[in-house]
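Each remark here refers to the structure printed beneath this line.
Below, all heavy atoms of this structure are taken into account, side chains as well, without hydrogens, waters or symmetry copies. Small disclaimer: the values here were computed from a predicted structure and weren't measured.
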Amino acid sequence: MKHGGLSTSPPCPMNLPVRPRRNRKSPAIRDLVRETGLTPGHLIYPLFLQEGGENTPIESLPGCVRWSIDGLVKEAGEAHALGIPAVVIFPRIPDKLKTPDARECFNPKGLIPRAIKALKKAHPGLTVITDVALDPYNSDGHDGLVAKDGRILNDETVEVLCRQALCHARAGADVVAPSDMMDGRVAALRAALDRAGHDGVSILSYTAKYASAYYGPFRGALDSAPKSGDKKTYQMDPANAREAVREARLDEAEGADMLMVKPAGPYLDIITRLRAATPLPIAAYQVSGEYLMIKSAAAAGWLDEAKIIRESLLGIRRAGADMILTYFAKQFALDAAGGGS
Ligand code: PBG
């Protein structure tokens with residue numbers, strides 16, 4: 001082209017004043033415009049424990065271990081030192097202590113209260129979260145009490161859950177997390193805790209917990225699968241989203257401090273909906289099946305494990321989760337500390 005006798009080639013062939021790629025042109029710019037943060041401080045580390053002095057690798061969850069109390073204290077301490085603020089603990093209860101009334105769940109000398117005390121003594125700054133549900137203690141393997149005709153009893157179960165939560169609070173739990181999906185349990189737990197002077201103990205409610213096949217490896221780890229039937233009369237139908245908002249409104253009104261969506265990866269739309277529906281903090285649980293899919297593909301050499309871990313967690317954060325429960329917590333924190341990509 002000729003302009004005033006000077007020969008200039010046009011600087012660019014397209015007339016494009018708006019070029020989003022300018023905001024991706026260097027690592028520095030990408031750092032500045034990044035919308036979502038992901039640090040070990042966003043993660044909660046679920047840990048399994050068992051009676052006795054052994055630490056047993058879990059076959060159905062490679063990389064996870066059923067810890068002794070001593071092993072648990074050590075593992076939690078290492079995670080905490082890497083910047084992970086909280087753990088949630090799940091017990092494997094010996095068969096001989098499982099009963100139809102699940103009474104072991106409020107035994108003050110039980111495995112969980114002993115573990116809480118040991119954790120809080122060794123790591124006072126570590127937040128200890130406990131699971132409130134009957135399945136590890138119930139010979140029927142359900143989260144609630146089972147009637148003779150097979151129904152899961154709501155109100156009777158809530159009474160036992162209150163005793164369980166009180167047992168955890170007395171032992172020093174910072175947060176109780178009801179995962180049972182019974183109706184009205186958040187209000188009942190709040191009232192029971194407050195009456196006993198535990199108004200400082202938080203409730204992290206499993207608000208939208210779906211009846212999911214992604215829990216399979218977890219049930220293998222704890223030997224906690226239901227002996228008969230399934231969990232569809234209390235856990236939510238994977239087809240439903242509006243119902244999650246309904247559960248969230250109830251939990252908020254009943255006094256929950258934080259809400260949870262579970263599983264996480266296949267339910268990102270639910271996280272986003274709840275984020276819009278409530279000002280409460282939202283947790284999401286990247287469950288055992290999600291973990292195992294990544295672990296097994298990486299073990300086969302089909303995926304870059306560290307990159308997939310980061311991307312899967314980032315997706316959950318981007319959807320609106322403030323915090324994520326993940327079996328990858330310590331591994332992620334180790335990678336982050338080592339400057340991994
Ligand atoms: C049970 C409970 C389950 C999980 C956490 N608490 C299993 C279930 O509801 O059957 C699953 C966690 C996972 O799969 O990682 N109260």
Side-chain donor-acceptor contacts of residues 253-266 below 3.5 Å, not counting sequence neighbours, with atom names and distances?
residue : atom : partner : partner atom : Å
E254    : OE1  : V186    : N            : 3.3
E254    : OE1  : A187    : N            : 2.9
D257    : OD2  : I203    : N            : 2.8

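- Looking at S312 and E290, their side chains never bring a donor and an acceptor atom within 3.5 Å of each other.
- The CG atom of D140 sits 9.5 Å away from atom OG1 of T99, with the distance rounded to the nearest 0.5 Å.
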Donor-acceptor list for residues 268-284 side chains, cut-off 3.5 Å, not counting sequence neighbours:
residue : atom : partner : partner atom : Å
T272    : OG1  : L268    : O            : 3.1
T272    : OG1  : A319    : O            : 2.8
R275    : NH1  : D322    : OD2          : 2.9
R275    : NH2  : T278    : O            : 2.8
R275    : NH2  : L280    : O            : 2.8
T278    : OG1  : E252    : OE1          : 2.9
T278    : OG1  : L280    : N            : 2.9

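- Nearest heavy atom pair, residue R219 against residue P226, reads NH1-CD, 4.0 Å.
- Rounding to the nearest 0.5 Å gives a distance of 10.5 Å between CD of Q164 and CG of L166.
- Between the side chain of H142 and the backbone N or O of K227 there is no donor-acceptor pair closer than 3.5 Å.
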S296 vs W302, side chain to side chain contact (heavy atoms under 4.5 Å, CB included): CA-CA, chis, key distance, verdict: CA-CA 9 Å; S296 42; W302 292 332; over 6 Å; no
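- Nearest heavy atom pair, residue K232 against residue A211, reads CG-CB, 4.1 Å.
- The two residues G144 and I152 come nearest to each other via the heavy atoms CA-CG2, 3.9 Å.
- In the hydrophobic cluster analysis, where Ile, Leu, Val, Met, Phe, Trp and Tyr join through side-chain heavy atoms closer than 4.5 angstrom, M181 is grouped together with V146.
- Pairs engaging residues 146-156 under the salt bridge (charged side-chain N to carboxylate O under 4.0 Å, His left out) rule: D149-R151 [sequence neighbours left out].
- A pairwise comparison of heavy atoms in R190 and H198 identifies NH2-O, 3.2 Å as the closest pair.
- One finds the SG atom of C167 at 9.0 Å from the CD atom of E104 (value rounded to the nearest 0.5 Å).
- Between the side chains of D70 and S68, no donor N or O sits under 3.5 Å from an acceptor N or O.
- With R66 contributing its side chain and I58 its backbone, the two residues share no donor-acceptor pair below 3.5 Å.
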Anything under 3.5 Å between a donor and an acceptor, one on a side chain of residues 78-89, the other on a protein residue two or more places apart or in another chain? List them.
residue : atom : partner : partner atom : Å
E78     : OE1  : K330    : NZ           : 2.7
E78     : OE2  : K74     : NZ           : 3.2

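- Exactly one residue among Y291, F90, F332 makes a ring-ring contact (aromatic ring centres under 6.0 Å, His included) with Y327. That residue is Y291.
- In this structure a side-chain-to-backbone donor-acceptor pair under 3.5 Å is missing from H42 to I324.
- The one candidate from T130, L204, I129 that meets the side chain to side chain contact (heavy atoms under 4.5 Å, CB included) condition with V176 is T130.
- Between the side chain of Y210 and the main chain of N240, a donor-acceptor pair closer than 3.5 Å is present.
- Taking CG of L250 as the reference point, atom CZ of R185 lies at 10.5 Å (rounded to 0.5 Å).
- Rounded to the nearest 0.5 angstrom, L313 CG and I308 CD1 are separated by 11.0 Å.
- Between the side chain of S202 and the backbone N or O of V175, no donor-acceptor pair lies under 3.5 Å.
- Without hydrogens or angle criteria, R170 side chain to P108 main chain gives no donor-acceptor distance under 3.5 Å.
- Residues in residues 116-138 take part in these salt bridge (charged side-chain N to carboxylate O under 4.0 Å, His left out) pairs, two or more places apart or across chains: K120-D174, D135-K231.
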Could you go step by step and tell me if R318 and E35 meet the side chain to side chain contact (heavy atoms under 4.5 Å, CB included) rule? CA-CA 8 Å; R318 191 190 60 240; E35 297 174 34; over 6 Å; no
Mind running side chain to side chain contact (heavy atoms under 4.5 Å, CB included) on Q235 and S212 for me, showing each step along the way? CA-CA 8 Å; Q235 298 182 348; S212 171; 6.0 Å; no
What verdict does the side chain to side chain contact (heavy atoms under 4.5 Å, CB included) test give for V160 and F106, after you've listed the backbone C-alpha separation in whole Å, the side-chain angles of each residue and the deciding distance to 0.1 Å? CA-CA 8 Å; V160 185; F106 52 80; 4.0 Å; yes
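- Interatomic distance, CG of L193 versus SG of C162, reported as 7.5 Å (0.5 Å rounding).
- Here salt bridge (charged side-chain N to carboxylate O under 4.0 Å, His left out) pairs that include residues 46-60, with residues two or more places apart or in two chains, are E51-R114.
- Heavy atoms of other residues, nucleotides or ligands lying less than 6.0 angstrom from CZ of R249 number 12 at most.
- Summarising the geometry of A118 relative to V73, their closest heavy-atom pair is CB-CG2, 3.8 Å, with the distance given to 0.1 Å.
- A pairwise comparison of heavy atoms in I116 and A171 identifies CG2-O, 3.4 Å as the closest pair.
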